[in-house]
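Here's the structure we're looking at; comments come further down.
In the text below, chain A, chain B and the rest are named by the order of the sequence lines, each starting its count at 1.
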Amino acid sequence: MEISVQEQLWLLLSQIPEGRFTTYGRLAAMLPGVHARQVARILSQLPEGTQLPWHRVVNSQFKVSDFHGSGEQSERLRTEGLLVSASGRLPKDKVWPDSVL
DNA sequence: ACTGTGACCATCG
DNA sequence: GCGATGGCCACAG
């Protein structure tokens, strides 16, 4: 018996520390056979009251998607101490996991 | 099976 | 840096 893709995603998500973020593509790359679009879809279906840090996931350009116009994602990120630029971009040195140069 | 849609991505101008 | 384009994949109608 193997756990479902979305459960694996939930596990990964729960491990992103406060004040850091990752991307759909990075998460997808950690789950064999999963495409970024599938990650996005799963996140879009999280229940409203969830404790999982869905807001710590942005697109490949490190920008918040700001779906359905609510700036909630940016708000949450700023609350955690992340600097969100005017264009919605996040600092690349706060990506999770660490990208070593 | 076919079509349209979407919290994406890489590439190009 | 931006918008358009094609590719991708799961899902609803």
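Taking atom CD on A/E48 and atom P on B/dA7, their separation rounds to 15 Å, with Å as the unit. The nearest whole Å value for the distance from the CZ atom in A/R26 to the P atom in B/dC9 is 12 Å. Between the C1' atom of B/dA7 and the NE2 atom of A/H35 lies a distance of 15 Å, rounded to the nearest Å. Protein atom CG of A/N59 is 14 Å distant from nucleotide atom C1' of B/dG6, rounded to whole Å. The interatomic distance linking A/L27 (CG) with B/dC8 (C1') rounds to 12 Å, in whole Å. One interatomic measurement links the two molecules: CD1 of A/I42 to P of B/dG6, which rounds to 18 Å at whole-angstrom precision. Atom OH of A/Y24 is separated from atom P of C/dA10 by 18 Å (rounded to the nearest Å). To the nearest angstrom, C1' of C/dC9 lies 15 Å from CG of A/L9.
In the displayed structure, A/Q51 atom CD is contacted under 6.0 Å by at most 12 heavy atoms of other residues, nucleotides or ligands.
A sub-4.0 Å separation between OP1 or OP2 of B/dC9 and a side-chain N or O of A/K63 is absent. In this model, the phosphate group of B/dC9 is approached by a side-chain N or O of A/S60 to a distance below 4.0 Å at OP1 or OP2. Taking side-chain N and O atoms only, A/R41 has a distance below 4.0 Å to OP1 or OP2 of C/dC11. For the OP1/OP2 pair of C/dA10 and a distance below 4.0 Å, the side-chain nitrogens and oxygens of A/Q38 include at least one atom meeting the criterion.
Rounded to the nearest Å, the gap between the P atom of B/dC12 and that of C/dC8 is 16 Å. Here the separation of C/dG13 from B/dA7, taken at their P atoms, is 16 Å to the nearest Å.
Partners of A/E80 under the salt bridge (charged side-chain N to carboxylate O under 4.0 Å, His left out) rule, at least two apart in sequence or in another chain, are A/R56.
Summarising the geometry of A/Q73 relative to A/V64, their closest heavy-atom pair is OE1-CB, 3.9 Å, with the distance given to 0.1 Å.
Looking at heavy atoms from C-beta onward, A/K94 lies out of side-chain contact with A/F62 at the 4.5 angstrom threshold.
With C/dC9, B/dA10, B/dC8 as the candidates, the nucleotide lying closest to the side chain of A/S65 is B/dC8. Nearest nucleotide to the A/F67 side chain, out of C/dC9, B/dA7, B/dC8: B/dA7.
Between the side chain of A/R37 and the base of C/dC9, no donor-acceptor pair of N or O atoms lies under 3.5 Å.
Atom CD of A/Q45 sits about 15.0 Å away from atom CH2 of A/W54, to the nearest 0.5 Å.
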